[in-house]
Number of protein chains: 2
Amino acid sequence: MAENFSRAGNSADTTPCSACAVRDHAICASLDCHERKEFIRLGRQVTIPKGQMLMWEGEEAALVANVVEGAMMLTTSTSDGREQIVGVVYPSDFIGRPFGKESPHNVTALTESRLCLFSRSAFDKFARSHSDLEHRLLRRTLDELDRARKWMLLLGRKSASEKIATFLLDISRRLARKDDQDGPAPLDRFILPLGRQQIADILGLTIETVSRQLSEMKGTGVIALPDRRTVEILDRPRLEALAEQA
Amino acid sequence: MAENFSRAGNSADTTPCSACAVRDHAICASLDCHERKEFIRLGRQVTIPKGQMLMWEGEEAALVANVVEGAMMLTTSTSDGREQIVGVVYPSDFIGRPFGKESPHNVTALTESRLCLFSRSAFDKFARSHSDLEHRLLRRTLDELDRARKWMLLLGRKSASEKIATFLLDISRRLARKDDQDGPAPLDRFILPLGRQQIADILGLTIETVSRQLSEMKGTGVIALPDRRTVEILDRPRLEALAEQA
DNA sequence: CGATGTCTTGAGTCCCGTCAATGCACGTGG
DNA sequence: CCACGTGCATTGACGGGACTCAAGACATCG
C-alpha cells in the first residue's frame, strides 16, 4: 500500500537521525544511540504529497509514524458525508494507532510531509520492550487527550466568532516553533496549512460562515488577510477577547 | 483537601483488592500479587457523595484514582459559565492527570462513588518503575482519545435528534457491563446517571432541546420514559437510524 | 485567454437557543 | 393531611445565528 512513496533516506547515510530536525522532540528522544539505530532499522523515511491519504478510518491499522516535516489532518465522517477534522499534527507529533486493530480516523497530508514510517506490529513489539519510549508515547497521548477535550468545549459551546478567534490563536501558537525557528512566542503573521473548507471542518461550521467571520474580523481591523492563505493578527488582545479565553 | 472523605477500607482486611469488582478490568490487572500489595499501600479507598467535586480545572493535579463503583463526569467551562462535559467515567476507568502539573478539567461524582485514590506523585513514581502498569494506562488513554475524537464528530456535525439518539445508544452500551452483570449486550432499559441539564452539557445543546427531542422520540414510539431518570428503548433499529451510525 | 477550483457575498430559511409559563415530584413544616 | 416551597422537566412562542442555495469575484494554471 505504501510501497509507492518515495524513499527519502539516502542508503549511504547510516544514521538519518543525526540530521533529524525533530529527534529531540519526538518520542525517539527517549532512545539512546544504540537503541535508535535498532529502532530506525524497523522503519523508513517517506514523503507524502499534499492531499494524499495515508490511513483510512475503519481499515486495518497497519502503520504508525513520526511527523518530521509538514502538517497532516485526522478526520472522521458520518455515513452521509459530513466531515469533522479531529486533529492536526505537526513535526515531532506521532500518528497512527498503536496496539489497536483498526484506524479510528483518516489521516491525510495537508502539505507535502516527511514521515518516519513504521509497521504497527514492529513498532508495538519494539515499544513493549522499551518502556522509556512507551512512557514518552503515554505523555504525548495524555497531552493529545487534553487538547481534544478542550476542543470539545469549543465545538459544543462556542459561537462562530468565538470559534474562529480561538482557532486563529491556537494555530498561531502551534505554528510558532516550526515555520520560523522563532522560539515559543506566538506568530502574528503566518500561512495557513488549511483551506476554508478545512477550517470549517475543524470548527464544526460551514465554509460560508468561516468566510463571513473572517471578513468581519478583517473589517473591524482585528486581523488582515493579505492573501487567502495568509493571516496577520493586528490586534491580539481584541482577538483574545473574542475567543473568550478560559 | 481529601482528608474528609470517609475511609471505606476496613483495616482488618489486608487485601481490599481481593474483593474488588474491577480488579481485572482496571489498570491494576497488570500487577501480580506482590506488586498489588505494594501498590495498594500507596492509596486508599474513599467514598464520594453524589454531586461532590474531586478535582478542579486549573488546580494542581494532586490526585489520581481508579473508579470502583459509581459514575463521575469530567467538565470544562468558558469564563462566562457555559459548561461542557468532556467525559463520563464508570467502574474500572481511571481518572486524574498523571505526569501533569494541573488538572485539565473538573471531576464530579454523578452518583455516590467508590474510588481507589492515590497521590499523583506516588502514582507517577510507581508507574515509572512498573512498565506493565504504564502500558495498560497507555492503552486506556489511547481508547479514551479515540472516544473523545469520535465525540467531536457528534458535537461538530450532528443535529439535535442525531445527538440524542447517539447518546442513548452509547450509554446503553456503556451501562451494560455494570448495572446488571448482564454481559456485553446493550441494555434496553436503564436508569440515567445524568439529569437533563447534564445530557445537554454532554451534547452541546440546551436543556429545552434535550427535553423536546426526548418527548418527540417518546411520541413516535422509539423510546419510553417511565420516569424522568429511566429510559426504555422500544425500537432499537429506528434509534440507530436516527443516530446516523458511522 | 478561458477553465477550474476556491473564496466571498447576498438572500432566504430553519433549526435551535432564549425567554417565560406551567407541570410534576418531593420534602418540610404548619 | 394539606399548603407551600424548591428543584427539575416539559411545553409554547418567538427571534436570531448559522445553514442552504445561488451568484459572482478571484486566483492559479494549462
Side-chain angles (χ1 to χ4, degrees), chain A residues 49-51 73 78 80-85 110-111 153-168 191-220 223-231 242 244, chain B residues 50-51 73 78 80-85 108 110-111 154-168 191-220 223-232 242 244:
Chain A
K50 172 174 173 170
M73 62 176 180
T78 59
D80 64 338
R82 286 167 286 175
E83 284 226 346
Q84 178 69 43
I85 297 180
L110 287 168
T111 64
L153 175 65
L154 174 140
L155 289 171
R157 292 301 184 200
K158 291 194 176 180
S159 68
S161 55
E162 290 170 326
K163 284 178 175 179
I164 295 284
T166 307
F167 166 74
L168 292 174
I191 297 174
L192 295 167
L194 307 138
R196 295 290 187 270
Q197 180 60 60
Q198 289 160 345
I199 297 174
D201 287 342
I202 286 182
L203 300 175
L205 297 171
T206 58
I207 186 175
E208 295 95 329
T209 302
V210 171
S211 187
R212 271 187 264 267
Q213 292 295 335
L214 287 172
S215 297
E216 168 79 17
M217 288 185 188
K218 182 182 170 187
T220 57
I223 59 170
L225 301 167
D227 73 81
R228 43 178 59 178
R229 284 273 176 161
T230 309
V231 176
L242 284 172
E244 275 279 8
Chain B
K50 171 175 173 170
M73 62 175 180
T78 58
D80 65 340
R82 285 168 286 176
E83 284 227 346
Q84 177 69 43
I85 296 180
T108 312
L110 287 167
T111 64
L154 174 141
L155 289 171
R157 292 301 184 200
K158 290 194 177 180
S159 68
S161 55
E162 290 170 325
K163 284 178 175 179
I164 295 285
T166 307
F167 165 75
L168 292 176
I191 296 173
L192 295 167
L194 308 137
R196 296 290 186 271
Q197 180 61 60
Q198 289 161 344
I199 297 174
D201 287 342
I202 286 182
L203 300 174
L205 297 171
T206 59
I207 186 174
E208 294 95 330
T209 301
V210 170
S211 188
R212 270 188 266 268
Q213 293 295 335
L214 286 173
S215 297
E216 168 80 16
M217 288 184 187
K218 182 181 169 186
T220 57
I223 59 169
L225 301 168
D227 73 81
R228 45 178 58 178
R229 285 272 175 162
T230 308
V231 176
E232 191 173 354
L242 284 172
E244 276 277 9

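Scope of the values below: all heavy atoms of this structure, side chains included, with no hydrogens, waters or symmetry mates. By convention in this document, chain letters (A, B, ...) are assigned in the order of the sequence lines, proteins followed by strands, and residues within each chain are numbered from 1.
Annotation for A/Ile164 and A/Gln213: closest pair CG1-CB, 3.7 Å, computed over non-hydrogen atoms. Taking every heavy atom of both residues into account, B/Gly204 and B/Gln84 meet most closely at CA-OE1, 4.0 Å. Considering all non-hydrogen atoms of both residues, A/Ile202 and A/Leu155 come closest at O-CD2, 3.6 Å. Considering every non-hydrogen atom in both A/Gln197 and A/Ile207, the closest pair reads OE1-CB, 3.7 Å. Residue A/Leu242 comes nearest to A/Met217 through the heavy atom pair CD1-CE, 4.0 Å, listed as atom of the first residue, atom of the second, then distance. Across all non-hydrogen atoms, the minimal contact from A/Thr166 to A/Lys158 is OG1-NZ, 3.2 Å.
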If you restrict it to nitrogen or oxygen atoms, what contacts under 3.5 Å exist between nucleotides 21-23 of chain C and the protein, and what is each distance?
none

For nucleotides 17-21 of chain D, which of its nitrogen or oxygen atoms have a protein nitrogen or oxygen under 3.5 Å away, and what is each distance?
residue	atom	partner	partner atom	Å
D/dA18	OP1	A/Ala160	N	2.8
D/dC19	OP2	A/Thr206	N	3.3
D/dC19	OP2	A/Thr206	OG1	3.1
D/dC19	OP2	A/Thr209	OG1	2.5
D/dT20	O4	A/Arg212	NH2	3.0
D/dC21	N4	A/Glu208	OE2	3.0

N/O-N/O pairs, protein side and nucleotides 28-30 of chain D side, under 3.5 Å:
none

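In this view, B/Thr209 and B/Thr206 satisfy the side-chain hydrogen bond (donor to acceptor under 3.5 Å, both in side chains) rule, not counting sequence neighbours. Among residues two or more places apart in sequence or in another chain, the side-chain hydrogen bond (donor to acceptor under 3.5 Å, both in side chains) test is passed with A/Asp80 by A/Thr78, A/Arg82. Every residue two or more places apart in sequence or in another chain that forms a side chain to side chain contact (heavy atoms under 4.5 Å, CB included) with B/Thr111 is listed here: B/Ala71, B/Ser113, B/Pro193. Shown here are the side chain to side chain contact (heavy atoms under 4.5 Å, CB included) partners of B/Thr108, two or more places apart in sequence or in another chain: B/Met53, B/Met73. Every side-chain hydrogen bond (donor to acceptor under 3.5 Å, both in side chains) that A/Thr230 has, sequence neighbours left out, goes to A/Asp227.
Within the nucleic acid shown, A/Ser215 comes within 4.0 Å of sugar-phosphate atoms alone, with no base atom in reach, counting heavy atoms only.
For the pair B/Gln197 CD and D/dG7 C1', the computed distance is 13 Å after rounding to whole Å. If you measure from atom CG of B/Leu155 to atom C1' of C/dC16, you get 15 Å, rounded to the nearest angstrom. Here C/dT6 presents its P atom at 17 Å from CG of A/Leu214, a figure rounded to the nearest Å. Note: CG (A/Asp201) to P (C/dC7) measures 12 Å, nearest angstrom. Atoms CD1 (A/Ile207) and C1' (C/dT6) sit 7 Å apart, rounded to a whole Å. Atom-to-atom, NZ of B/Lys218 to P of D/dT10 comes out at 8 Å; the value is rounded to the nearest Å. Across the protein-nucleic acid pair, A/Arg196 atom CZ and C/dG5 atom P stand 19 Å apart, rounded to whole Å. A/Glu216 has its CD atom 11 Å from the P atom of C/dT9, to the nearest Å.
Within the structure, the salt bridge (Lys or Arg N to Asp or Glu O under 4.0 Å) test picks out no pair touching residues 210-219 of chain B (sequence neighbours left out). Screening residues 192-210 of chain A for salt bridge (Lys or Arg N to Asp or Glu O under 4.0 Å), with sequence neighbours left out, gives A/Asp201-B/Arg157.
Axis orientation changes by 20° from one end of the helix from C/dC1-D/dG30 to C/dG30-D/dC1 to the other, with each end axis drawn from 5 pairs and the value rounded to 10°.
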Margin query: Please determine whether side chain to side chain contact (heavy atoms under 4.5 Å, CB included) holds for the pair B/Leu205 and B/Phe167, giving the CA-CA distance in whole Å, both sets of side-chain angles, and the decisive distance to 0.1 Å.
Written below: CA-CA 12 Å; B/Leu205 297 171; B/Phe167 165 75; over 6 Å; no
